[in-house]
Q: 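Supplied in structure tokens, the structure appears directly below.
Being a predicted model, the structure only gives us computed values, none of them experimental.
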Amino acid sequence: MRLSQMLFVTLRDDPADAEIPSHKLLLRAGYIRRIGSGIYAYLPLMWRVLQKVSQIVREEMNATGAQECLLPQLQPAELWKESGRWDTYTKAEGIMFSLIDRREQQLGLGPTHEEVITTVARDMIRSYRQLPLHLYQIQTKFRDEIRPRFGLMRGREFIMKDGYSFHADEESLKATYQDMYTAYSNMLRRSGLAFRAVEADSGAIGGSGSTEFMVLAEAGEDEVLYTEDGKYAANVEKAVSLAADAETSIFTTYQKQPTPGTDTIEKLCKLLSCSPTQVVKNVLYQTVYDNGLTVLVLVSIRGDQEVNEVKLQNELTKLAPQFGAKTIISLTVPNEEAQQTWAAKSLPLGYIATDIADDYIAGSKTVHSQFVRLVDKTAVELKNFVTGANESGFHSVGANWGEQFKLPPTIVDIRKARPGDRSLHNPEQTLQSARGIEAGHIFQLGTKYSEAMGATYTNEQGEEKPLFMGCYGVGVSRLAQSAVEQSYDKDGIIWPVAIAPYHAIVTIPNIKDAQQLEVAQKLYTELNQAGVETLLDDRDERAGVKFKDADLIGIPFRIVTGRAIANGKVEVVKRATREAQEIAIDDVVNTLKQWVKEATEG
């Protein structure tokens, strides 16, 4: 392609609404154009990148025996109500675009396709002889993000590969899950990206095991905790660890002490001259289930630790059936206005103890009249601890479980793991932190959807059994931008060769120089014929402008038909290293072919 004939417009300055480097560079280099909040046009250069990424994904998926298909973006609400996720996606998380058609039927624009694919399986899979089966698609998805940001990282419309597998048993599911682990690792490696596979929370998708594939980058929205020995890595939402040892309490007898103005752990510890590891803090949460019931939750945790609200939500989701519900609509720390809707009397906030009486709650049909009491493992072993006294301005010191306070019946791990914690698998290893961009996520769904939607098969014994399912997603457009976020410099993008829109760009410093023009057109033609995808910058612009644009758009190899052609050579510059060398014109094609091969196969 000749740049003079291409839709090619670059910007000198960073767009005002772009926050991270990759977003700024893709806009400046003319790869994408903002159409609306979280909505972007993929311009010709970007579309070539997306095609390259899609092809790598497609090749790795096909190699595992997965079959490509295309599923509808418009999905009937009835399918999502069958699975129990309609309210979760339209009310709780609120990320599904929903609409009502002219026949008054509810529909949603697909953020994901578990319900649709399970419907296909329910209608078409009958026997164990048809299993295992793995279908995937590459298409546009829609999510109504509250705050779209970072360009293609968190848009309201994006391109994704999602795949779904069906199995007769868990063993078969785990085999495909492992195949996908390998395939996803191959996709990212072939795309030229540094990444880490980490344990992850399954979120609204559900299921048991799940692994995220994180592209390592400073601007990553996710925090990854890992050990140097390479044996543990997890998203901070999922990560587990050993907390630092608690200090021995300075209190030896139980008493109630006045502690005015100590509604925070920091103020309390300063007044009492004690360590936060000696404190049991009690945090109040309000959760609303999908049947409209509000439940008050009291979490007891060691004073130096933070509650991981993802882990807490998972624990409370497990309790949903006992409240006649399926899932959680919201989880919040109730403010004063919220408290007025259910509090029977004023709460001693900042001074609550784990045994605060249930009569603080005014029960009704919509409010559960008892606190759900959970205690984190970090608080269970404490002796002679400090905690609230259920009276404003007072705390209890020297308290013990089984003596002054009854240990809550439900012991959980809901603390937030953090850098510096000791690892569970080897306490000599401490957790390190890195930032990452989630590019892929694989799940073992089990029978969550098949049981809810009646997707079964007949086994060898003639028995009807629910299908075991797996789910596997790759953000194609997100992966493309994450490559930029991982690799750029002050002058622009540095694309990995495998997914660059073009391998090389031939730059003519002076298009009025007949010899420069002739050599450039010859190399342009021969390189493309040899499979080296090449741009020709034949614009009537100053050489400096062309060089800056070539750096900005990040083409891996730049060939300059400048003064060296008098000696039968051209200058070739590697974008990633800025290494420049003069190569004989007759050797350019073979040299570039070899470089491209090494970069894409290495």
Side-chain angles (χ1 to χ4, degrees), residues 80-94 200-210 237-238 240 280-302 305-334 338-339 341-344 347 352-380 401 405-416 443-449 451-452:
W80 287 74
K81 289 175 181 177
E82 278 188 60
S83 71
R85 293 204 303 172
W86 180 256
D87 285 344
T88 302
Y89 271 75
T90 58
K91 295 177 184 176
E93 294 190 21
D201 182 74
S202 295
I205 296 288
S208 54
S210 94
E237 294 178 343
K238 178 79 172 179
V240 294
V280 173
K281 66 179 175 183
N282 301 290
V283 188
L284 184 65
Y285 286 92
Q286 171 180 306
T287 186
V288 179
Y289 285 95
D290 59 352
N291 60 357
L293 186 67
T294 296
V295 175
L296 284 305
V297 183
L298 193 65
V299 175
S300 300
I301 189 169
R302 204 170 82 185
Q305 303 298 315
E306 293 180 69
V307 175
N308 181 324
E309 293 187 0
V310 173
K311 290 183 181 178
L312 175 59
Q313 182 156 328
N314 290 340
E315 293 295 336
L316 295 174
T317 300
K318 293 176 189 175
L319 300 179
Q322 81 179 53
F323 300 115
K326 290 181 180 178
T327 190
I328 289 173
I329 296 295
S330 69
L331 176 67
T332 57
V333 174
Q339 290 170 42
T341 65
W342 50 259
L347 284 159
I352 292 175
T354 186
D355 65 348
I356 191 167
D358 289 327
D359 62 12
Y360 277 88
I361 306 171
S364 68
K365 287 184 179 179
T366 58
V367 181
H368 186 61
S369 60
Q370 293 179 318
F371 288 106
V372 169
R373 302 169 196 271
L374 306 176
V375 59
D376 184 75
K377 291 176 181 177
T378 53
V380 172
W401 300 114
F405 294 97
K406 181 181 177 183
L407 184 69
T410 308
I411 299 172
V412 291
D413 173 15
I414 50 175
R415 62 175 282 274
K416 200 178 275 185
F443 304 83
Q444 295 179 44
L445 297 177
T447 58
K448 172 184 169 74
Y449 295 92
E451 287 184 345

Q: When Tyr289 is tested against each of Asp87, Leu316, Thr294 for side-chain contact (heavy atoms from CB on, under 4.5 Å), which residue passes?
A: Leu316

Q: Where is the tightest heavy-atom contact between Lys326 and Thr317, given as atom of each residue plus distance?
A: O-CG2, 4.3 Å

Q: Keeping the roles fixed (side chain from Lys406, backbone from Asp355), state whether a donor-acceptor pair exists under 3.5 Å.
A: no

Q: Closest heavy-atom contact between Gln286 and Ala338?
A: OE1-CB, 3.7 Å

Q: Just jot down the side-chain contact (heavy atoms from CB on, under 4.5 Å) partners of Thr327, sequence neighbours excluded, or say none.
A: Thr88, Asp290

Q: Evaluate the ring planes of His368 and Phe323, with Trp represented by its six-membered ring, and classify them as parallel (under 30°), tilted (30 to 60°) or perpendicular (over 60°).
A: perpendicular

Q: Do you know which two heavy atoms are closest between Ala357 and Arg373, and how far apart they sit?
A: C-NH2, 4.2 Å

Q: Once you round to the nearest 0.5 Å, how far does CZ of Phe371 lie from CG of Leu284?
A: 6.0 Å

Q: Out of curiosity, Ile301 CD1 to Lys377 NZ, how far, rounded to the nearest 0.5 Å?
A: 12.0 Å

Q: For a quick test of reading the model, state the closest non-hydrogen atom pair linking Ala452 to Ser83 and the distance between them.
A: CB-CA, 4.0 Å

Q: To the nearest 0.5 Å, how far apart are CD in Gln339 and OH in Tyr360?
A: 12.0 Å

Q: Can you find a heavy atom in the side chain of Tyr285 that is under 4.5 Å from one in the side chain of Gln313?
A: no

Q: Less than 4.5 Å apart, any side-chain heavy atom of Ile356 and any of Leu298?
A: yes

Q: Using side-chain contact (heavy atoms from CB on, under 4.5 Å) as the criterion, point out the one residue from Thr378, Val240, Asn308 that pairs with Asp413.
A: Val240

Q: Just verifying a value: how many Å separate Leu319 CG and Leu374 CG, rounded to the nearest 0.5 Å?
A: 7.0 Å

Q: So, Ser300 side chain and Lys281 main chain: donor-acceptor pair closer than 3.5 Å or not?
A: no

Q: Between CD of Glu309 and OG1 of Thr332, what distance do you get to the nearest 0.5 Å?
A: 9.0 Å

Q: Side-chain contact, heavy-atom cut-off 4.5 Å: Ile414 with Val299?
A: yes

Q: Got a sec, which residues hit side-chain contact (heavy atoms from CB on, under 4.5 Å) with Lys318, two or more places apart in sequence or on another chain?
A: Glu315

Q: Checking Arg415 side chain against Asp376 main chain: does a donor-acceptor pair fall under 3.5 Å?
A: no

Q: On a heavy-atom basis, which atom in Lys311 and which in Lys238 lie closest, and how many Å separate them?
A: CE-O, 3.8 Å

Q: First locate atom OG of Ser330, then atom NZ of Lys91, and finally report the distance between them rounded to the nearest 0.5 Å.
A: 12.0 Å

